[in-house]
Amino acid sequence: MAERTSGTAVCPGSYDPVTLGHIDIITRASQVFDRVVVGVVNQPVRKQKTVFTAEQRVAFITAEVAPLGNVEVQAFDNLLVEFARENGAKAIVKGLRAISDFEYEFEMNQLNRKMAPDIESMYLMAAPQYSFLSSSGVKELAMFGGDLTGLVPAPVASQLKEALER
Ligand code: ADP
C-alpha cells in the first residue's frame, strides 16, 4: 500500500447506527492518514433522540475498525473543530452522498472554516453501492422488518431489530 500522509483526521457523525457506507469512508480515510479518530456526536443537533446510546454507537464502530489498526473511536459533545483540535487533527474527513449531503456540508464547511481556518475539511465521494444509504433509511427499513444484509454490520442489524421491537 502507498505511504500514508502524516497527521490525524477526524471522521465525525452521529452514527445512529453505523452503516457500511460510514465504514467505507473511515476505512478509506485510514488509508490516507496515519491516524483517524472517529468522533461520535453525543447529542446530535439536527436529529431526534438516538436509538442507540453514545456508548453503544462507539462500541459498534470500535468492533468494525479494530482490524484497521490506526483508528480510534470517541464520543464528543463539544464543537467539532474543538474536538478536532483536542486530537491534534489537521483535517475533518466526511463522506458525500448523491446530492443530498452537499448543501448541508457546504454550509458547515463555511462555519468550521471561519472558526478554525487551520483545520481543512475534506470530502470523500460515497462509494456507488452506498450512495443512497443512510442511518435514517436503515432505521425505517428495520422498523418494517426489512433485510439489512449488506447495509450495516451484522451485530448492528440484530441489535437494531431488537431495539425497534421494544
Ligand atoms: P447519517 O446522515 O446517515 O445519519 P451521519 O450524520 O452519522 O450519517 O454522517 C456521518 C458522515 O458520514 C457524514 O459526513 C455523512 O455524509 C457520511 N455518510 C453517511 N452515510 C454515508 C454513506 N452511505 N456513504 C458515504 N458517506 C456517508
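Indexing begins at 1, ligand by ligand and atom by atom, following the structure's order. As a basis for the values below, the full set of heavy atoms in this structure was taken, side chains included, without hydrogen atoms, waters or symmetry mates.
Nearest heavy-atom pair, Ile92 versus Ala84, reported as atom, atom and distance to 0.1 Å: CG1-CB, 4.5 Å.
One side chain, Asp147 or Thr149, offers a donor N or O that lies under 3.5 Å from an acceptor on the other. Between the side chains of Glu72 and Asn87, no donor-acceptor pair is found at a separation under 3.5 Å.
Under a 4.0 Å criterion applied to the non-hydrogen atoms of Ala126, ligand 1 contributes the atoms 24 (N), 25 (C). Listed by number with element, the atoms of ligand 1 under 4.0 angstrom from any heavy atom of Gly13 are 7 (O), 10 (C). Atoms of ligand 1 lying under 4.0 Å from at least one heavy atom of Tyr15, given by number and element, are 7 (O). Those atoms of ligand 1 with a heavy atom of Asp101 less than 4.0 angstrom away are 16 (O). Atoms of ligand 1 found under 4.0 Å from any heavy atom of Gly21 (numbered from 1 in listed order, with element): 22 (C), 23 (N), 24 (N), 25 (C). Distances below 4.0 Å separate heavy atoms of Ser14 from the following atoms of ligand 1: 5 (P), 6 (O), 7 (O). Residue Ser134 has at least one heavy-atom neighbour below 4.0 Å for each of these atoms of ligand 1: 3 (O).
Taking only nitrogen or oxygen atoms, main chain and side chain alike, Leu133 reaches within less than 3.5 Å of ligand 1. By the 3.5 Å distance cut-off applied to N or O atoms, Ser131 is not counted among the residues near ligand 1. Residue Pro12 places no N or O, backbone or side chain, under 3.5 Å from any N or O of ligand 1. Ligand 1 has an N or O atom lying under 3.5 Å from an N or O atom of Tyr130, backbone or side chain. Taking only nitrogen or oxygen atoms, main chain and side chain alike, Asp16 does not reach within less than 3.5 Å of ligand 1.
Alongside Leu96, the hydrophobic cluster contains Tyr123, Met125 (criterion: ILVMFWY side chains under 4.5 Å).
Under the 30°/60° scheme for interplanar angles, the aromatic rings of Phe60 and Phe52 are found to stand perpendicular.
No side-chain heavy atom of Arg57 sits less than 4.5 Å from a side-chain heavy atom of Pro17.
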*Could you walk me through whether Lys94 and Asp101 pass the salt bridge (Lys or Arg N to Asp or Glu O under 4.0 Å) test, one step at a time?*
CA-CA 10 Å; Lys94 305 199 75 180; Asp101 286 326; over 6 Å; no

Could you pull out every donor-acceptor pair under 3.5 Å between side chains of residues 113-120 and any protein atom, sequence neighbours left out?
residue, atom, partner, partner atom, Å
Arg113, NH2, Asn109, OD1, 3.0
Asp118, OD1, Arg85, NH2, 2.9

